[in-house]
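Worksheet: the structure to be examined is printed underneath.
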Amino acid sequence: MRTVLYPGSFDPVTNGHIDVARRAGKIFDKVVIAVAVNAEKNPLFTTQERIDLIRAACSDIPNLEVSSFNGLLAHSLERFDAGAVIRGLRAVSDFEYEFQMALMNRGLNDKCETLFMMPSPEYSFVSSRLIKEITKCGGDVSAFVPPVVAEAMRRKFGLGK
């Protein structure tokens with residue numbers, strides 16, 4: 001079975017993330033979305049909330065599994081029995097950072113191959129950071145995130161519909 005690991009903070013998961021996961025699911029037998037647990041970050045959603053939101057938003061992707069991991073990504077491949085890591089690239093500005101991470105992960109684990117996938121053009125500018133900023137200021141993010149995420153965002157920021 002060919003399994004790919006799709007790691008990230010997913011705080012919150014966006015339509016761009018889901019687009020990459022859905023398309024990866026057409027290439028691989030199994031896609032594992034792995035929510036990174038990082039005690040140094042202060043996420044809006046807890047790890048379990050992020051897992052639950054991803055599961056709800058991706059319930060129609062049959063070969064998708066959602067989990068979490070902490071520690072080094074390069075060391076998590078065996079845990080998930082993954083043969084590769086997939087990372088989304090929105091713009092050239094993402095590439096430099098992702099390229100460095102891919103090389104470092106391969107340096108830590110020579111079996112850690114990283115594949116880059118661009119989101120569909122309509123999601124190329126969407127980021128979790130922007131989604132949080134827009135929601136916090138009362139903006140409508142429903143075109144950029146699944147309905148379950150938009151509702152969870154409104155609740156987190158104490159906003160009505």
Side-chain angles (χ1 to χ4, degrees), residues 3-28 30-38 40-45 47 49-61 63-69 72-74 76-77 80 82-108 112-154 156-157:
T3 300
V4 69
L5 187 61
Y6 183 15
S9 57
F10 304 104
D11 187 41
V13 64
T14 69
N15 289 342
H17 294 129
I18 296 167
D19 174 61
V20 169
R22 186 178 313 285
R23 290 173 35 238
K26 293 177 183 175
I27 300 168
F28 293 91
K30 182 164 122 182
V31 176
V32 178
I33 293 183
V35 176
V37 177
N38 185 340
E40 309 233 340
K41 287 191 174 185
N42 188 19
L44 179 63
F45 293 101
T47 302
E49 287 172 328
R50 288 179 276 162
I51 289 170
D52 293 343
L53 287 170
I54 295 166
R55 284 184 178 145
C58 297
S59 62
D60 65 326
I61 305 174
N63 56 338
L64 184 117
E65 177 183 309
V66 185
S67 191
S68 64
F69 77 100
L72 293 172
L73 171 63
S76 297
L77 284 173
F80 296 106
V85 171
I86 197 154
R87 296 292 294 164
L89 290 179
R90 293 173 304 215
V92 173
S93 56
D94 288 344
F95 180 75
E96 188 172 336
Y97 172 78
E98 292 295 344
F99 181 71
Q100 286 179 317
M101 289 300 297
L103 291 176
M104 181 58 74
N105 284 330
R106 194 169 347 134
L108 293 168
C112 187
E113 293 294 341
T114 301
L115 306 171
F116 298 112
M117 184 176 278
M118 281 59 71
S120 295
E122 63 267 31
Y123 307 124
S124 62
F125 61 91
V126 177
S127 74
S128 295
R129 182 185 55 78
L130 286 174
I131 295 301
K132 287 185 272 196
E133 287 180 29
I134 292 166
T135 305
K136 190 175 185 179
C137 293
D140 180 14
V141 295
S142 59
F144 314 116
V145 296
V148 67
V149 174
E151 177 57 32
M153 297 286 295
R154 287 190 291 271
K156 279 286 183 180
F157 288 111

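Atom set for the values below is all heavy atoms of this structure, side chains included, hydrogens, waters and symmetry mates excluded.
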### Task
With rounding to the nearest 0.5 Å, note down the distance linking NZ in Lys30 to CG in Leu5.
10.5 Å

### SG on Cys112 to CE on Met101, rounded to 0.5 Å
9.0 Å

### Summary
The reported gap from CD1 in Ile18 to OG in Ser120 (rounded to nearest 0.5 angstrom) is 12.0 Å

### Query
What pairs with Asp52 under salt bridge (Lys or Arg N to Asp or Glu O under 4.0 Å), at least two apart in sequence or on another chain?
none

### Summary
Residues Cys58 and Leu64: closest non-hydrogen pair is CB-CD2, 3.7 Å

### Task
Give a yes or no on this: more than 12 heavy atoms of other residues, nucleotides or ligands lie within 6.0 Å of atom OH of Tyr97.
no

### Task
Say whether, by atom type as modelled, one donor and one acceptor occur between the side chain of Arg55 and the main chain of Val66 under 3.5 angstrom.
yes

#### Entry: Closest contact, heavy atoms only, Asp60 versus Ala57
OD1-O, 4.1 Å

### Message
Pair Val20, Tyr123 - check side chain to side chain contact (heavy atoms under 4.5 Å, CB included), show working.
### Response
CA-CA 10 Å; Val20 169; Tyr123 307 124; over 6 Å; no

### Task
Kindly compute the distance separating CZ (Phe144) from CD1 (Ile131), expressed to the nearest 0.5 Å.
6.0 Å

#### Entry: Donor-acceptor pair, side chain of Asp11 and main chain of Ser128, under 3.5 angstrom
no

### Task
Search all heavy atoms of Glu98 against all heavy atoms of Leu89 and return the closest pair with its distance.
CG-CD2, 3.6 Å

### CA sep, side-chain torsions, deciding dist, call: Val32, Phe69, side chain to side chain contact (heavy atoms under 4.5 Å, CB included)
CA-CA 11 Å; Val32 178; Phe69 77 100; over 6 Å; no

### Task
Tell me, with the steps shown, if Val85 and Asn105 meet side chain to side chain contact (heavy atoms under 4.5 Å, CB included).
CA-CA 10 Å; Val85 171; Asn105 284 330; 5.8 Å; no

### From CD1 (Ile33) to OG (Ser68), nearest 0.5 Å
13.0 Å

### Message
Counting C-beta onward and ignoring hydrogens, is there a side-chain heavy-atom pair between Lys136 and Met153 closer than 4.5 Å?
### Response
no

### Task
Could you grab the distance from atom NZ of Lys156 to atom CD of Glu151, nearest 0.5 Å is fine?
13.0 Å

#### Entry: Closest approach of Arg90 to Val126 (non-hydrogen atoms, all atoms of both residues)
CD-O, 3.2 Å

### Query
If only atom types and distance count, is the side chain of Asp19 paired as donor or acceptor with the main-chain N or O of Pro119 below 3.5 Å?
no

### Task
Kindly indicate whether the side chain of Glu65, heavy atoms from C-beta on, has any atom under 4.5 Å from the side chain of Thr3.
no

### Query
Does the side chain of Ser9 come within less than 4.5 Å of Asn38's, by heavy atoms?
no

### Query
Hey, are the side chains of Phe45 and Val35 touching, using non-hydrogen atoms and a 4.5 Å cut-off?
no

### Message
In the structure I gave you, are the side-chain heavy atoms of Pro146 and Asn15 within less than 4.5 Å of one another anywhere?
### Response
yes

### Query
How about His17 and Tyr6: do any of their side-chain heavy atoms sit closer than 4.5 Å?
yes

### Query
Side chains of Pro12 and Lys132: does their closest heavy-atom pair fall under 4.5 Å?
yes

#### Entry: Phe10 vs Leu53 side-chain heavy atoms within contact, under 4.5 Å
no

### Query
Taking Arg87 for the side chain and Phe95 for the main chain, is one N or O donor matched with an acceptor at less than 3.5 Å?
no

### Query
Any idea which heavy atoms bring Arg50 and Pro43 closest together, and the distance?
NH2-CG, 3.8 Å

### Query
Of all heavy-atom pairs between Ile86 and Ala24, which one has the smallest distance, and what is that distance?
CD1-CB, 3.9 Å

#### Entry: Crowding at CZ, Phe125 (>12 non-hydrogen neighbours, <6.0 Å)
yes

